[in-house]
Structures are given as structure tokens and as C-alpha cells.
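Take a look at the structure set out below.
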There are 2 protein chains.
Amino acid sequence: MRCMAPARTEPADDTAADTDLPPAKPSLRERKKIQTRQAIRRTAYRLFEKQGYDATPVDQIAEEAEVSPSTVFRYFPTKEDIVLTDEYDPLIEETLRQRPPNEPPVTALREALYSSIARIYQADAAETLQRIRLIREVPALRGRMSEHSAETAWLLRRALAERTGRAEDDLELRIVTGAMLGALMEAMYSWVDTGTAGTLEDLRALVTRALGVLERGLTL
Amino acid sequence: MRCMAPARTEPADDTAADTDLPPAKPSLRERKKIQTRQAIRRTAYRLFEKQGYDATPVDQIAEEAEVSPSTVFRYFPTKEDIVLTDEYDPLIEETLRQRPPNEPPVTALREALYSSIARIYQADAAETLQRIRLIREVPALRGRMSEHSAETAWLLRRALAERTGRAEDDLELRIVTGAMLGALMEAMYSWVDTGTAGTLEDLRALVTRALGVLERGLTL
DNA sequence: ACCGTCCTGACAGTAACTCTCAAGTGGGAG
DNA sequence: CTCCCACTTGAGAGTTACTGTCAGGACGGT
């Protein structure tokens, strides 16, 4: 397979994360869309688990989810996006903005990441675990993930720039966000490595240690 | 296009980097292989520059380089690899091993990275610049690059583990390498951002500042 | 019940690979 | 110099991830 770089125009529209259930009942059409989205993703996850990511063509996912292949691509611009859908960035950003403005930036970042991670994990623990496992094991997904985290870094940078009054492309800011994301990524992978069942507490502890290392200036 | 995850079995064999010219004259066959490799890459870079990465099909590269499409894929397992060939990891590793063993790990890493970067840059400055520019601008390449730097991180980790006597999968070690690579990546991007002509001195300065931020515990 | 809008499936087309096989070239042995 | 084996190349067919178009059907308000 390959992974060209398509327009990459995420829908990013109204279709809410299928993990939160707002009490307001959307129209029948909307509900069907959410159902279809879930069906595709669930089917995909099941097949990936059974026979592997690469060995699972989109056509098969479509067939077993009982939709046409075109529909799959309408919901997920790329096969990778079936795994990597994350609307987490706005969540992180919002959480970060709610931190007291006088708080030191790294602390604010740490706390924001803490609560974001907790919320993401609690939304669907099993699926989150499987997702991270897939990301770690499938090179294409890892690549796409890091690609995405570059955007996250940019977002964090903007937020930090606002806080500190520095320019958005300030080198020190770039370094800080790059280092934090790099460290956190390792913590994540380390988390899924520790046995099969990572718990939220484990994750918190790992993140704490990771950020601790950063704050101590990478001393061992 | 897409980017599945093929066997990813890099040739990684004898074909030396086309940048260094060892005095020993290899056989005619070997020389032809190197020529072909260079021809493909040069043609590709020229076309990428002219019409963009995504807008340049492999078939066109093959045609203009006067080889068959199959040959292109024989030399570079994926289109991305035409840009991302780097045999730098062994270089970094060797340089790192040559540092005095009693040197503090982060210092050793810094010095090893310094000289490696300098050597890579000096081998072919123009091409290096164009490569980094491409990596920054093409999402697929960025993704693949970070994927690769995960391997580099692993390599660094092993070297550090040796030095410090820690386990290879030690969390702190992962954090340190992850953070350093994250920070260095940002420094690189920042380097190509500053005007069109990044100089080696600029790069050194950026790396110094980046590692300085890390050593100060991400204080701004 | 009607009608415009949104959604879906069928289909054709592009491009990145992958595999196989036959023909050509290099290099060493005699 | 010649013969032969090993390596390399080109050609072609096949798979898979997408992309765009178009017609039919369902939804939802009037």
C-alpha cells in the first residue's frame, strides 16, 4: 500500500466524536450518520485485531460493515484515519486556556495534559488502549500520528505564546513544545508496553515522571 | 497516494551513501549502481522542486531518469525513501561511542550530534537544505521522518543505556531521548525557516540554544 | 403528498507499490 | 578470448488506496 498525501481536508464538521453523548437528540439523519461511523470503526477495529491492519483492505471493512467502499472514504479520508480520529486537540486547547494565567507555562501544560488524558481515556478505555497499541505497531499509523502531533505542537505553542507574550515562532517555545511532546509520546509507548492493561493511574505516574525529568533538565 | 507499510526491508547493504567517495574503486557494476541511484535521486529532486512532490508520479521520475519504474522501486522501496535515504544513524552511533565514557550522557549526546550534523551538512549542503525543506512541507515525508526518528531514538537509548548501566527500556532514558529528538527536530525546522539559506553556524547556534533550554529544565 | 437537500452506491480512473519472468550485462574461470 | 554464472534490468500483470462523478433513494420541512 502507500500513503500519499491527499488533500487531507478533514471533515472536522459537525459529526461529533462518537464517544460523547450530548443529551440533545439530533435528527434521524444525524443519528444514522453517527451509527454508520461507529459501525465502520467498530468493524475495522475488529478486523484489525483479527488479521492485522495491513492485511485488512478497506473493501473488506466496507463489506462487513455493510456499506459501500465509497462510504467508508466519505467518513474517513484515509484508512489511517479510521484509527486516528481524534478531536482531542480542541479539548486540550480549551483545558489549557482555563488554567490560571499566572501559572508557569510548563505547569499549566502539565495540568492541562493530565486532565485531557484522563477524559480521553475514560471515554472508552478499551478502545483507547487498542488504538495506542495499533499506533505503536503499525509504522504507517505511527508516522501519521507524529505528523499529527506536529499540529498539536503548533497549537500548544500558540497557547504558550499567548501566555508568555512571546512570538508564535519563538525558538524557545518550539523547543519546549517539541521536547514535551517527544517525551510524552515515549511515556505513552512505555505505558502500552507495561503489561497489556495500562491503567489511568499508571499513565498519570508516567506522565509525572516524564515531566519531572524534563523539569530537572534531563538529568538522570 | 497512500503509504502502506510494506516489508520496509531497507536494502541497507553495501550501496554506500552517494555522498561520500571512498578512495577504493569498486567494481564497474557497483559504480553503475551508484550512478543509477544518483540519477534517480537527482531527477526526483529536480522534479519535486519544479512541480511539487505529490504532483510528481514515480513513472515520470523513471522516465526522465531513463530507467524503468521497477528499477526505481528496486533502489528505493518507497517514493518517500527517495528523499529520506539516510545512513546517518550508524554515523551518529559511532561518533557517540567515541566520546569519553566518563562524560555526562547529555553532554556526550550533544557533542556527538554536533559533529554528526556538521558532517552531514558538509557532505552536500544544497541537497541537505532541499531535503529538510521537503520534509517540512510534505506531510507524508514529515510523518515518515518522525517514524524514522523513533528508530534513532532507540539507537540513542541503547548507547545511553550502555553508558549509564541502565536498562534499555528505562523510562527516564526514553524520556531523555524522546525530548532531545523532539527538540532537535524543532530546531531543524526553525533552521530552514530562517531565510532561505541556513548556514552551519546558524544550525550550531540553534542546536546549542535548543539543548540549553533542555538543560535548564524548559524554563523560558 | 410534494420537493429540495443530503446521503449512498456503482463505476471509472489514477498512482503507489509487488511479483514474476525473460533478456541483457559484468566478471571471473578456463 | 570465450564461455558461463550471477547479478541487474525492463516489461507486464495484479493489488490496494484513494478520487471524482453521477443517478437513485431517503429525510425533513412545507
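Note that the coordinates shown come from a computational prediction; the quantities given were computed from them, not determined experimentally. Order of the sequence lines fixes the chain letters, A, B, ..., with proteins taken first and strands second; residue numbering starts at 1 for each chain.
- Side-chain nitrogen and oxygen atoms of A:S27 include at least one within less than 4.0 Å of the OP1 or OP2 phosphate oxygen of D:dG28.
- Between B:V58 and A:V72, the one whose closest nucleotide on DNA chain C sits nearer the 5' end is A:V72.
- Remark: C1' of D:dA17 and CD1 of A:I61 are 11 Å apart, rounded to the nearest angstrom.
- Each of C:dG27, D:dA17, D:dC18 was ranked by its minimum atom distance to the side chain of A:T78; first place goes to D:dC18.
- In this view, A:R158 and A:E93 satisfy the salt bridge (charged side-chain N to carboxylate O under 4.0 Å, His left out) rule, not counting sequence neighbours.
- Salt bridge B:R142/B:E137: absent, no basic N to carboxylate O contact under 4.0 Å.
- In this structure, CG of B:D59 is placed 10 Å from C1' of C:dT14, rounded to the nearest angstrom.
- Here A:R209 pairs with B:E172 in a salt bridge; the nearest charged N to carboxylate O distance falls below 4.0 Å.
- Separating the CG atom of A:D54 from the C1' atom of C:dT18 is a distance of 14 Å, rounded to the nearest angstrom.
- Here A:D81 pairs with A:R144 in a salt bridge; the nearest charged N to carboxylate O distance falls below 4.0 Å.
- Interatomic distance, B:I120 CD1 to B:E127 CD, rounded to the nearest 0.5 Å: 12.5 Å.
- For the pair A:L28 CG and C:dC6 P, the interatomic distance rounds to 16 Å; values are reported in whole Å.
- No side-chain donor-acceptor contact under 3.5 Å links B:E64 and B:T43.
- Taking atom CD1 of A:I82 as the reference point, atom P of D:dA17 lies 9 Å away to the nearest angstrom.
- Note: CZ (A:R31) to P (D:dC27) measures 11 Å, nearest angstrom.
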Completion exercise
Scoring nucleotides 8-14 of chain D by protein non-hydrogen atoms under 4.0 Å (B base, S sugar-phosphate only, - none) yields SBBB---
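- Counting to the nearest Å, the P atom of C:dC17 and the CD1 atom of B:I40 are 14 Å from each other.
- Whole-Å rounding puts the B:R144 CZ to C:dA16 P distance at 15 Å.
- Between A:Y53 and A:F48, the two ring planes are tilted [angle within 30° to 60°].
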